[in-house]
Protein chains: 2
Amino acid sequence: MSKGNYLGEFEIVVLSTLLHLGENAYGMTIRCEIDEHTGRSVSIGAIYATLRRLERKGLVVSHLGEPTAERGGRAKRFFALEPAGEDAVARSRAMFARLWNDLPEARG
Amino acid sequence: MSKGNYLGEFEIVVLSTLLHLGENAYGMTIRCEIDEHTGRSVSIGAIYATLRRLERKGLVVSHLGEPTAERGGRAKRFFALEPAGEDAVARSRAMFARLWNDLPEARG
DNA sequence: TATATCTTTTACTATGTACGAAAAATGCCC
DNA sequence: GGGCATTTTTCGTACATAGTAAAAGATATA
């Protein structure tokens with residue numbers, strides 16, 4: 001873990017999205033949820049690159065699902081938060097809360 | 001402004017800190033305020049690099065102060081938010097609010 | 001077999017984060 | 001006035017994150 005391990009901005013977004021999705025969180029649904037929730041449409045490669053990084057850090061785990069013989073398509077890789085991942089989001093969230101709580105409302 | 005111009009995590013921290021400091025915001029006080037406010041101690045070089053980037057983006061302006069003949073030391077460079085900078089913070093803040101508002105409290 | 005569909009993986013580039021040391025500018029003291 | 005301590009900024013470099021476009025894997029159906 002070395003010294004200053006803070007999450008990047010998009011890492012926070014992805015982790016928070018995993019919190020929302022719970023069960024079937026995989027590349028496509030994550031991407032979709034981010035788009036709907038934040039209006040941010042990002043390429044699928046960016047999602048996977050970030051997920052892989054988060055997994056290397058131990059904040060997320062993934063497993064390949066059964067090759068669902070539905071309509072064609074490759075087996076999905078599902079992602080879930082590790083406890084360390086939940087902690088990391090909570091820390092970032094708390095930090096921004098400290099930074100923002102005593103400022104006037106954002107008009108977003 | 002191109003397409004997806006989102007602030008990096010530390011950029012948000014720095015801009016928010018400028019909001020707190022108002023008047024005499026320069027390298028050292030910014031660094032100090034970040035440390036006190038978030039418990040994050042970062043090198044002075046990181047602060048300046050980020051400030052310079054934010055200035056290139058037009059989110060911040062700076063001017064050299066009078067070489068305050070107080071105790072020795074170089075003229076300070078003061079930083080202040082541009083309207084675009086305030087907007088950028090507000091947008092980031094609103095985005096995280098949307099992501100976090102319907103999640104259970106963080107225990108930070 | 002070919003083709004369409006849904007998904008992941010790869011390769012590459014651009015941008016952001018971070019540190020340590022060097023440089024500038026000033027005041028103080030011998 | 002020559003050095004030294006002090007306060008601040010700038011520079012050079014290394015590494016981490018963010019992002020895209022295109023290729024590849026795996027299955028179903030014509």
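All chains are named by letter (A, B, ...) in the order of the sequence lines, taking the proteins before the strands, and each is independently numbered beginning at 1. Since the model is a prediction, treat every value here as computed from it, not as a measurement.
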*Does B:Arg31 reach the main-chain N or O of B:Val42 with its side chain, forming a donor-acceptor pair under 3.5 Å?*
yes

_In this structure, how many angstroms lie between the P atom of D:dT7 and the CE atom of B:Met28, rounded?_
9 Å

*Rounded to the nearest Å, what distance is computed from the CG atom of residue B:Asn5 to the P atom of nucleotide C:dA14?*
18 Å

*Quick one: which residue pairs count as a salt bridge (charged side-chain N to carboxylate O under 4.0 Å, His left out) with a foot in residues 13-23 of chain B, not counting sequence neighbours?*
none

_B:Asp102: which residues meet the side-chain hydrogen bond (donor to acceptor under 3.5 Å, both in side chains) condition with it, sequence neighbours left out?_
A:His20

*For A:Arg53 and D:dA18, is the shortest distance between a side-chain N/O and OP1 or OP2 below 4.0 Å?*
yes

*Does a nitrogen or oxygen in the side chain of A:Tyr26 sit under 4.0 Å from OP1 or OP2 of C:dT7?*
yes

_side-chain contact (heavy atoms from CB on, under 4.5 Å) between B:Leu59 and B:Glu82, intermediate numbers included_ = CA-CA 5 Å; B:Leu59 305 182; B:Glu82 289 279 88; 5.6 Å; no

*Taking only residues two or more places apart in sequence, or in another chain, which ones meet A:Arg40 in a salt bridge (Lys or Arg N to Asp or Glu O under 4.0 Å)?*
A:Glu9

_Sub-4.0 Å heavy-atom contacts from residues 37-47 of chain B onto DNA chain D, ordered by number_ = B:Ile44

*Using a cut-off of less than 4.0 Å, is there contact between a side-chain N or O of B:Lys57 and OP1 or OP2 of C:dG16?*
yes

Just the atom pairs and distances: protein N or O near nucleotides 23-25 of chain D's N or O, under 3.5 Å.
unit_1: D:dG25; atom_1: O4'; unit_2: A:Arg74; atom_2: NH1; d: 3.3
unit_1: D:dG25; atom_1: N2; unit_2: A:Arg74; atom_2: N; d: 3.2

*Donor-acceptor pair, B:Thr50 side chain versus B:Phe10 backbone, under 3.5 Å?*
no

*asked:* Whole angstroms only, please: what is the CZ-P distance between A:Arg52 and C:dC12?
replied: 14 Å

*With distance as the sole test, does A:Glu33 use its side chain to make a donor-acceptor pair with the main-chain N or O of A:Leu21 at under 3.5 Å?*
no

*Hydrophobic cluster identity match, A:Val61 and A:Ile47, side-chain contacts under 4.5 Å*: no

*Can you tell me the distance, in whole Å, between the CZ atom of A:Phe78 and the C1' atom of C:dC6?*
13 Å

*Take the protein atom CZ of B:Phe79 and the nucleotide atom C1' of D:dT10, then report the distance between them rounded to whole Å.*
11 Å

_Under 4.0 Å, heavy atom to any atom of DNA chain C: which of residues 7-23 of chain B qualify?_
B:Gly8, B:Glu9, B:Phe10, B:Glu11

*Carefully, step by step, assess A:Val89 and B:Leu103 under the rule side-chain contact (heavy atoms from CB on, under 4.5 Å).*
CA-CA 11 Å; A:Val89 181; B:Leu103 291 177; 5.9 Å; no

*A:Arg77 side chain near C:dT9 phosphate (N/O to OP1/OP2, under 4.0 Å)*: yes

*Out of D:dT8, C:dT17, D:dC11, which has the shortest distance to the side chain of B:Lys76?*
D:dT8

_Nearest-Å distance for atom pair CZ/C1', residues A:Arg31 and D:dT20_ = 11 Å

*Rounding to a whole Å, what distance do you find between A:Leu64:CG and D:dA26:P?*
10 Å

